[in-house]
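Before any comments, here is the structure.
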Amino acid sequence: MMEEKYPFHAIEPKWQKYWDDTGAFRCDTQDVSRPKFYCLTMFPYPSGHMHVGHGRNYIMGDVITRYKKMMGYNVLSPMGWDSFGLPAENAAKKFNVHPHKWTIENIQEMKRQVRSWGVGYDWEREIATCHPDYYKWTQWVFLQAYKLGVAYQKEAPVNWCPLCTNLANEEVTADGRCDRCGRPVEKKNLKQWFFRITQYADRLLKDLDLLDGWPEKVRQMQANWIGKSEGAKVSFKVTETGDDCPVYTTRPDTIFGVTFMAIAPDNPLLLKLLPGSEKEAEVRAFIEKLANIPASERFSDATAKEGVFTGFHVTNPYNGDTDIELWVTNYVVSDSGTGIVMAVPTHDQRDWDFATKYGIAKKIVIQNAEKTLDVATMTAAYVDDGVLVNSGSFDGMANREAIKAIIADGTAKGYAEATTNFRIRDWNVARQRYWGAPIPIVHCPHCGAVPVPEDQLPVRLPDDVDYNGDQGNPLARHEGFVNTTCPKCGAPAKRETDTLAQWLCSCWYFLRYIDARNETAAFDKELADKWMPVDQYIGGVEHAVLHLLYSRFVVKILNDAGALDCVEPFKALFTQGMICKRCEKDDGKYVKGKLYKMSKSVGNVVSPDELIETYGADTVRLYTLFIGPPELDAEWQDAAVQGPYRFLCRLWKKAYDAKAIVPEQDVAVAIDALKPVERDLYRKLHQTLAGVTDSIEHGFRFNTAIAQLMELMNALDKAKIDASSSDAAKALLRETIVTVARMMAPITPHIAEEIWQAYGCTPAGVMNAGWPKVNEAALKEDSLQIILQVNGKMRGKMMVPAGISKTELETLALDSADVKRFTDGQTVAKVIVVPGKLVNIVVK
RNA sequence: GCCGGAGUGGUGGAAUCGGUAGACACGACGGACUUAAAAUCCGUUGCCGAUUUAAAGGCGCAGGGGUUCGAGUCCCCUCUCCGGCACCA
């Protein structure tokens, strides 16, 4: 029995329970009768409550999951929690609650929210990265990397945030602040665990080509991040001492134009040359000055180039020039290349600026095609292609050719080699924090760093730590944890007290879902080979570099370890846009009326709970999907939620009213018995079906899919089918309502299920009915609308029979009154006929 | 600076094979129902356009040029906004 008023309060919990009870989203990974589809939404950090912006992510994943199920796939759609990490530890300090308790409570709350949206997951595969059954295998992943020599320890300057301890490069913002808390980041020397991502840089770059299901933007961002450049390493020598002075350059073709050498203030060669040298005091003063300027400021555009001559000279191996001055400067980046740059003022703008300021010589070595370059008249560096001059035996050579020739010559003579340079640095995976997976290493006074044997995993995180201490890692203060014996020699030893970065926990979770309850392995290889890669990954673009790059990296490690066949984890990636809302306050920091992404600090957060209470989950889903193109940011407008709500109320009322007059079962529609307006509706129904399918298949354009469904409902109103209508019309009415329910099953699943059930459709559960098929007969058009143009301007329309010939169409068009008004007294020069579309008459 | 994306009514956005610009929705305005309001339903809604009504017609997709019978869509130039990388040699 259907109620008259749209009873979302009653039907939504009912159907959510039904999906649970029937295991609608449980996935049998062994099933081979259907093709697999692994649909994954990025798992959340359990930070508290979710807002409607988070919902967009899960709702889209759910629509795809349900749609793919209806298309006949065996869909794996799991959910879990990225539950290690700093916020829990900070909350623990703030509220004096154990991080574990805080995390578990947040998970419960967020799970309730996800379920209230009607999002379906295989909850039997639920994971939490802070659970020993999970982090045991995170530790295992670390050991695989260790075995391959990918994990290693080194003393290194780390990015140190006073609150969040050490950070990966990826966690430091462009202006040198902590990505998480915004505090300025300092450099601090610590012994750290690193992963050799640099060793994989080339593969990570090259395999981006395999990812044609990824947005171009994300591939570009990763390529930028990896930052590959090709050039040469050339050994200059310090003229006075004979020390090596290697440079990296991408422009070896300009090597005969080197007029000075620029070195970074903290370069080891400089520090070696300095003691007792003539200009020591002056140079040290400059180094001191730079040390007190934060990197963000030093390397900003606005900072002028500065430098001090060191008193030393270098020798260019190509032309034997011994008088090249060595300058210490503020603009050379110390950890890029060799930290020493050969400067060619005429062909590099930065070197030009510096040489101009300090009166250093400039020498042209690449001449343009017009041969107009002259140092006396040049006002900026010439960086384009040209022909070599003043370059010894290479004169006359095109510069692109010269690059290869000069490297080859230098290589033969032993002072140059072709090299590749990467921007990316090795990944610091260690954190001096409590709430993370302990690094499974024991430090033995005799054996050094010893990996914990796999059969002794997990290395458990103790519960009883004093995380309220104000200094350093609480784990290091836990005697019971720290003191152990060496797995190799049995002597007393100390555990590593650093924990693994949250990023490492979250870069392999998609593998665990496949085999989430496996107690003897991280995952079964055969099963993983069957289910990987993830067919569709969905998440925010803010993870374009960090999480997605690390995940790709770890999959390659596991592949090298023989644990996995696949080389890329995510076949297709969809990055959904953020939900923003206009700011209502004006407090200096935020501007009233400006769009900001939803956040507590802006105060523009919309909670799903009240909306679901007022309008129901289906309305929230429908509005969230209708709000705009899914890949773009969208503006949330509270008032606009009305539209989708009205639509569902209308759909419900239509279904309710129609129930009384339609046949009890599906009946084939007798096309010939339909009135024209009904015939239009039938066509529209199947056009909509084709259109909705296309919208979902091509770029998940849910917004236009929904618009088409709205149009169909408008057409249904227009057809005015009632008790007095023909049997054919009533059969059509039933088919329309039932097909709309099926098409809406992925989008607004509760109302779809309810209508499906109320209409007595089989099989039970609308998703089990599969995706409806287009009826070609319904699509057939008897007559077509033709647009009439004169000189490309629209001047009228006319209806013509569908099968009309081109000539007939042309004659009809020329005779039409709309056209004649504009062609009378003019000469028809040309007639363009686009069959089925338009006729354009060109007159003079 | 390099790379990527975007610019369409009062608003969110349609139209990506060159062929009716503004679908669909919000908001606004008018009407019906109602004692009244809400809800609902029905209209109107890009701009200019006779001092009255309606029309004719013109103008309109950041700006300028081009190709074409025809351009939001293709090509060239310019501007603005968003994102990534960046004194990376």
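Bear in mind the structure is a predicted one, so any value in this text is a computation, not a measurement. In what follows, chains are A, B, ... by sequence order, proteins preceding strands, each numbered from 1.
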Identify the nucleotide, in any strand shown, that forms a Watson-Crick or G-U wobble pair with [N], with both distances under 3.5 Å; if there is none, say none.
N: B/rU35; answer: none
N: B/rC79; answer: B/rG7
N: B/rC2; answer: B/rG84
N: B/rU73; answer: none
N: B/rA28; answer: B/rU44
N: B/rA56; answer: none

Would you mind telling me which of [options] lies closest to the side-chain atoms of [X]?
X: A/Val834; options: B/rG19, B/rG4, B/rA25; result: B/rG19
X: A/Pro629; options: B/rG13, B/rA23, B/rC26; result: B/rG13
X: A/Ser336; options: B/rA25, B/rC26, B/rC88; result: B/rC88
X: A/Ala707; options: B/rC26, B/rU20, B/rA23; result: B/rA23
X: A/Val842; options: B/rC69, B/rC85, B/rA89; result: B/rC69
X: A/Gln637; options: B/rG84, B/rC88, B/rU11; result: B/rU11
X: A/Arg650; options: B/rC69, B/rC3, B/rA25; result: B/rA25
X: A/Asn703; options: B/rC69, B/rG13, B/rA25; result: B/rG13

A/Asp321 and A/Asn316: side chain donor to acceptor below 3.5 Å: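 The criterion, which ignores hydrogens and geometry beyond distance, is not satisfied for A/Asn316 and A/Asp321.
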
Is there a donor-acceptor contact under 3.5 Å linking the side chains of A/Asp351 and A/Tyr331?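 Yes, side-chain donor-acceptor contact under 3.5 Å.
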
Indicate, with a heavy-atom threshold strictly under 4.0 Å, whether [X] touches base, sugar-phosphate, or nothing.
X: A/Ile787; answer: base
X: A/Val332; answer: base
X: A/Phe647; answer: nothing
X: A/Asp353; answer: nothing
X: A/Gln708; answer: nothing
X: A/Thr303; answer: base
X: A/Ala304; answer: base

Which protein N or O atoms sit under 3.5 Å from an N or O of nucleotides 56-58 of chain B?
{"from": "B/rA56", "atom 1": "O3'", "to": "A/Arg821", "atom 2": "NH2", "distance (Å)": "3.0"}
{"from": "B/rG57", "atom 1": "OP1", "to": "A/Arg821", "atom 2": "NH2", "distance (Å)": "2.6"}
{"from": "B/rG58", "atom 1": "OP1", "to": "A/Arg795", "atom 2": "NH2", "distance (Å)": "3.2"}
{"from": "B/rG58", "atom 1": "OP2", "to": "A/Arg795", "atom 2": "NH1", "distance (Å)": "3.3"}

Tell me the interatomic distance from [X], atom [atom1], to [N], atom [atom2], rounded to whole angstroms.
X: A/Arg646; N: B/rC26; atom1: CZ; atom2: C1'; result: 8 Å
X: A/Tyr623; N: B/rC26; atom1: OH; atom2: P; result: 11 Å
X: A/Tyr645; N: B/rG27; atom1: OH; atom2: C1'; result: 20 Å
X: A/Asp717; N: B/rC41; atom1: CG; atom2: P; result: 8 Å
X: A/Met221; N: B/rG83; atom1: CE; atom2: P; result: 11 Å
X: A/Gln642; N: B/rA25; atom1: CD; atom2: C1'; result: 12 Å
X: A/Lys720; N: B/rC41; atom1: NZ; atom2: P; result: 12 Å
X: A/Leu838; N: B/rA71; atom1: CG; atom2: P; result: 12 Å

Does the base of [N] carry an N or O that pairs as donor and acceptor with the side chain of [X] under 3.5 Å?
X: A/Gln789; N: B/rG19; value: yes
X: A/Lys305; N: B/rC87; value: yes
X: A/Asn840; N: B/rC69; value: yes

Distance, [atom1] atom - from [M] to [N], rounded to whole angstrom:
N: B/rU73; M: B/rG64; atom1: P; value: 13 Å
N: B/rC61; M: B/rG46; atom1: C1'; value: 11 Å
N: B/rU8; M: B/rU44; atom1: P; value: 26 Å
N: B/rG72; M: B/rG60; atom1: C1'; value: 11 Å
N: B/rA38; M: B/rC48; atom1: P; value: 30 Å
N: B/rC81; M: B/rA62; atom1: C1'; value: 11 Å
N: B/rG70; M: B/rA21; atom1: P; value: 15 Å
N: B/rA25; M: B/rC74; atom1: P; value: 29 Å

[X] side chain vs [Y] backbone, donor-acceptor pair below 3.5 Å:
X: A/Asp633; Y: A/Met578; value: yes
X: A/Asn840; Y: A/Val833; value: no
X: A/Gln222; Y: A/Val218; value: no

Testing the basics here: between [X] and [Y], what is the closest heavy-atom pair and its distance to 0.1 Å?
X: A/Gln687; Y: A/Glu781; value: NE2-OE2, 3.5 Å
X: A/Val234; Y: A/Pro317; value: CG1-CG, 3.9 Å
X: A/Asp638; Y: A/Lys581; value: OD2-NZ, 2.9 Å

Are OP1 or OP2 of [N] and a side-chain N or O of [X] less than 4.0 angstrom apart?
X: A/Thr704; N: B/rA23; result: no
X: A/Lys830; N: B/rC69; result: yes
X: A/Asn714; N: B/rA25; result: yes
X: A/Asn791; N: B/rG70; result: no

May I have the step-by-step check of salt bridge (charged side-chain N to carboxylate O under 4.0 Å, His left out) for A/Asp253 and A/Arg400, ending in yes or no? CA-CA 7 Å; A/Asp253 51 328; A/Arg400 302 266 171 164; over 6 Å; no

I'd like to know whether the aromatic ring centres of A/Phe260 and A/Tyr358 sit less than 6.0 Å apart in this structure.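 No.
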
B/rG4: syn or anti, with syn meaning chi within 90° of zero?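 Here the answer is anti: the torsion falls beyond 90° from 0.
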
Angle class for the A/Phe574/A/Phe700 ring planes (parallel below 30°, perpendicular above 60°, tilted otherwise)?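 A/Phe574 vs A/Phe700 ring planes: perpendicular.
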
Residue met sooner reading RNA chain B from 5', once A/Ile841 and A/Lys797 are mapped to nucleotides: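 That would be A/Lys797.
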
Flag the pair A/Asp717 / A/Lys654 as yes when at least one side-chain heavy-atom distance between them is below 4.5 Å, and no otherwise.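 Yes. Closest side-chain heavy atoms under 4.5 Å.
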
